[in-house]
Structure formats: structure tokens, C-alpha cells
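To start, the structure under review is shown below, and the notes come after it.
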Amino acid sequence: MRAALVQMTSGDDPEANLAQLQGLAAQAVAEGAGFVLSPEVSNCLSTSRTRQRAVLRREADDPMLAAMREFAARRGVWVLLGSLAVTTEDAEGRFANRSILIDAGGGIAARYDKIHMFDVAVSEAETYRESDGYRPGDRAVLADTPFGKIGMTVCYDLRFPHLFRGLARAGAEILTVPSAFSPVTGAAHWEPLLRARAIECGAWVLAPAQTGTHPATRGKARSTHGHSLAVDPWGRVLADGGTAPGVCFVDLDRTEIAAARRKIPSLTADAPYAGPV
């Protein structure tokens, strides 16, 4: 299976974001991709809750989801909408950061709501409180596909290795990490963490990313790191999207999963221990 990591610069205009994704996805399929993956919050990247409340929709009414389901069915390809920001019935009015896997017939094969909220203070000038606007998910998701079992995660989940290990031990062969990493943390941690998760799990890691400075009609503009990465089960980076919007490709080979896990069987080698004390 040839996978295509779509790297976007989404803004807070869902219509413009959809046009960008459709163009890049069409390019990916024209170059042989059978699995197309987009970044986190592909439909709307915004720092303004007011703007989000004005443009976000329920999953059932989201235009990007409808269009990409039609695209998948028409082209006969699988699509991972890395995540969509969608409205929910949350009592506090918070959104969901939801990753959606679409099968080659246009059906929804799986959905995963981001568990770990990005509540951090990178510096005095750069703070994030994702939980103010988004309610966290509470369930890990493993999806069956003809080209392997997919463990679904989103962005900040990357820093919680127990989630990845749990997915891998449950059978995940491909781990998806759609993201909108900040430039500061991205430069320091993005590649090392992705390679670590691939090595620890003996799995393919596919991480489509947002990049650049994101247009905003309300609120302040935000920048992201880019560098969509595909990492093989031995921890080798096989594709890097750089810092411009576009598409990068990787050919997935399931035999490499078994080979890596045979050489380093850490998923099945847990030993009991006491403590810490």
C-alpha cells in the first residue's frame, strides 16, 4: 500500500481548507496513493473560540467529511481525516478533536477522539489550553483495514507511550499521529518521539502535519512545525514533508513489522517488578 501524507496550512475558513485538501489529495491519488492522510484539525485551525463556534458543525454536517467520503468512494482509496474539529453535546459547549478513518467505499471505518489535551506553557509567550475548548476522548481505537491494523492517535497523544504500547499489543501495525505541532516543541521533540514510538512498538508511524503560519480572520495567527514524517518499524525516517504544503509518500511493507518485532520482542517481554519505593 502506498500512503500519502498530506501537509497543509489550514486556516479558520473551512471552505478554503477543503479546497486545499481536495487538491492535495487528488495529487496524492494521481501519484499512486491508496491511503491518503491529512493533519490534525484539517477543517479549521483557529485560536478564536468565537470563530470556531461560528463555523464548526456536527460530524454529520461537516462539509469536509462529506466531501472526503465522496472522494474516497469515487477514487476507491482509504482516507484518514487526521482530525476534524466538530461540535458536540458537551455540557460546557466544548468541541471534539476527532480523527476519522474513511474506507474505500466512502464509509466511516473508525473514529477516535483525542484523549490527551494540549495544556502546556512552552514559554511565557506561548501557552495552550486545549481543554478549554475541546473535551477529551476516553477510548483507544484500533481499526481493521486490508493493509494492516491501524492504531489511531492525535498530536499530543504522542507523548504518552503507554497508549501506543497498548495499541501495538492489541494488534496495531500502523500508528497514525496527525498533528499541529508548535515550532518550538516540534524542532526539539517531533522526530525523536515519532521514531521512539515506531521503535518501541515495531510499527509503522504515519504523521501528517500542519505547517507554516495559519490564516486567521479572528484571534491571533498560529504557526506550526511541519515535517510530516513516515517512520518504519525499525525507526528509520523514510519520508519528510519539509516545511511547505504538499504531499510525501511511503510504501508500506507489512513484512517489516514482523521482522522488527522478531528481532526486538519487547512487546511480549514484560517482566514483573516491585516499586518504585
Side-chain angles (χ1 to χ4, degrees), residues 4-25 28 35-49 51-73 77-90 93-103 106-118 130-141 143 150-157 176-181 206-211 214-216 219 222 224 228 245:
L5 307 183
V6 172
Q7 186 157 282
M8 297 175 63
T9 304
S10 295
D12 64 5
D13 179 353
E15 186 175 341
N17 297 334
L18 174 56
Q20 182 183 178
L21 176 55
Q22 287 177 313
L24 292 170
F35 183 28
V36 179
L37 302 89
S38 76
E40 183 180 21
V41 288
S42 292
N43 64 332
C44 181
L45 196 158
S46 174
T47 61
S48 169
R49 302 300 180 212
R51 177 63 177 171
Q52 289 172 317
R53 282 191 291 271
V55 301
L56 295 184
R57 301 289 180 262
R58 297 180 308 150
E59 178 188 306
D61 300 323
D62 184 83
M64 180 173 283
L65 176 57
M68 295 311 294
R69 290 183 68 179
E70 190 277 332
F71 176 91
V77 299
W78 286 72
V79 174
L80 179 80
L81 284 172
S83 81
L84 300 176
V86 295
T87 60
T88 70
E89 301 303 318
D90 180 71
R94 294 179 297 176
F95 311 111
N97 191 340
R98 181 168 296 162
S99 187
I100 299 178
L101 180 65
I102 303 168
D103 67 27
I108 295 178
R111 52 175 62 79
Y112 163 74
D113 286 357
K114 183 178 181 181
I115 292 173
H116 300 98
M117 297 289 96
F118 192 48
E130 187 176 15
S131 62
D132 286 348
Y134 292 85
R135 58 128 179 86
D138 60 5
R139 184 173 65 92
V141 174
I150 295 178
M152 300 170 69
T153 76
V154 176
C155 202
Y156 192 48
D157 287 331
T176 54
V177 195
S179 297
F181 245 63
L206 304 180
Q210 294 279 359
T211 192
H214 303 272
R222 181 179 164 187
T224 53
S228 299

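Because the structure is a prediction, the values reported are computed rather than measured.
For Glu70, the CD atom is densely surrounded, since the number of other residues' heavy atoms within 6.0 Å is greater than 12.
Gln22 contributes atom CD, which lies 8.0 Å from atom CE of Met64 (distance to the nearest 0.5 angstrom). Going from atom CG of Leu5 over to atom CZ of Phe35 covers 9.0 Å, rounded to the nearest 0.5 Å. Note that OH of Tyr112 is 9.0 Å distant from CG of Asn97, once rounded to the nearest 0.5 Å. Atom OG in Ser42 sits 6.0 Å away from atom CG in Leu81 (nearest 0.5 Å). The CG atom of Leu56 lies 8.0 Å from the OG atom of Ser46; values are rounded to the nearest 0.5 Å.
For Arg51, the salt bridge (Lys or Arg N to Asp or Glu O under 4.0 Å) partners at least two apart in sequence or on another chain are Asp12. By the salt bridge (Lys or Arg N to Asp or Glu O under 4.0 Å) test, Arg58 pairs with Asp61, sequence neighbours left out.
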Next on the checklist: Please evaluate residues Val6 and Leu37 with respect to the criterion side-chain contact (heavy atoms from CB on, under 4.5 Å), reporting the C-alpha separation (whole Å), side-chain torsions for both, the decisive distance (0.1 Å), and the verdict.
Outcome noted: CA-CA 6 Å; Val6 172; Leu37 302 89; over 6 Å; no

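Remark: side-chain polar atoms of Thr224 are not paired, donor with acceptor, to backbone N or O of Ala180 under 3.5 angstrom. Here the side chain of Thr88 pairs a donor or acceptor atom with the backbone of Arg94 at under 3.5 angstrom. Of the possible polar contacts, none joining the Ser10 side chain to the Asn17 backbone as a donor-acceptor pair under 3.5 Å is found. With hydrogens and angles ignored, the 3.5 Å screen pairs no side-chain donor or acceptor of Ser179 with any backbone N or O of Phe181. Gln7 contributes no side-chain N or O that, together with a main-chain N or O of Pro208, makes up a donor-acceptor pair within less than 3.5 Å. Not one N or O on the side chain of Glu59 forms a donor-acceptor pair closer than 3.5 Å with the backbone of Val86. A donor-acceptor pair under 3.5 Å is formed between the side chain of Asp157 and the backbone N or O of His116. A distance-only check finds a donor-acceptor pair linking the side chain of Thr153 to the backbone of Thr176 [under 3.5 Å]. Formation of a donor-acceptor pair under 3.5 Å by the Thr9 side chain with backbone atoms of His214 is not found in this model. Using modelled atom types, no side-chain atom of Ser131 and backbone atom of Met117 make a donor-acceptor pair closer than 3.5 Å.
The side-chain heavy atoms of Met152 and Ile150, taken from C-beta on, include a pair separated by under 4.5 Å. Within the 4.5 Å cutoff, the side chain of Val77 has heavy atoms near those of the Phe71 side chain. Under the 4.5 Å side-chain criterion, counting only non-hydrogen atoms from C-beta, Thr211 is not in contact with Met8. Looking at heavy atoms from C-beta onward, Arg111 lies in side-chain contact with Ile108 at the 4.5 angstrom threshold. Two residues are said to be in side-chain contact when any heavy atoms from C-beta on lie closer than 4.5 Å; Val177 and Val154 fail this criterion. In this structure, Leu80 and Val36 have side chains that are not in contact, with every pair of non-hydrogen atoms separated by 4.5 Å or more. Contact check for Asn43 versus Leu18: no side-chain heavy atoms found under the 4.5 Å cut-off. Looking at Ile115 and Asp138, their side chains never come closer than 4.5 Å, going by heavy atoms from C-beta outward.
A side chain to side chain donor-acceptor pair (under 3.5 Å) with Tyr134 is found for exactly one of Arg98, Lys114, Gln52, namely Gln52.
The shortest non-hydrogen separation linking Gly82 to Ser99 is O-OG, 2.8 Å. Summarising the geometry of Pro39 relative to Pro178, their closest heavy-atom pair is C-CB, 3.8 Å, with the distance given to 0.1 Å. Looking at every heavy atom in both residues, Cys44 comes nearest to Ala85 through O-CB, 4.5 Å. A pairwise comparison of heavy atoms in Ser228 and Ala209 identifies OG-N, 2.8 Å as the closest pair. Of all the heavy atoms in Arg69 and Gly107, the pair that sits closest is NH2-CA, 3.9 Å.
One finds no salt bridge joining Asp62 and Arg57 here, because no Lys/Arg side-chain nitrogen approaches an Asp/Glu carboxylate oxygen to under 4.0 Å. At a threshold of 4.0 Å, the pair Asp113-Arg135 counts as salt-bridged, since one of the basic side-chain nitrogens sits closer than that to a carboxylate oxygen.
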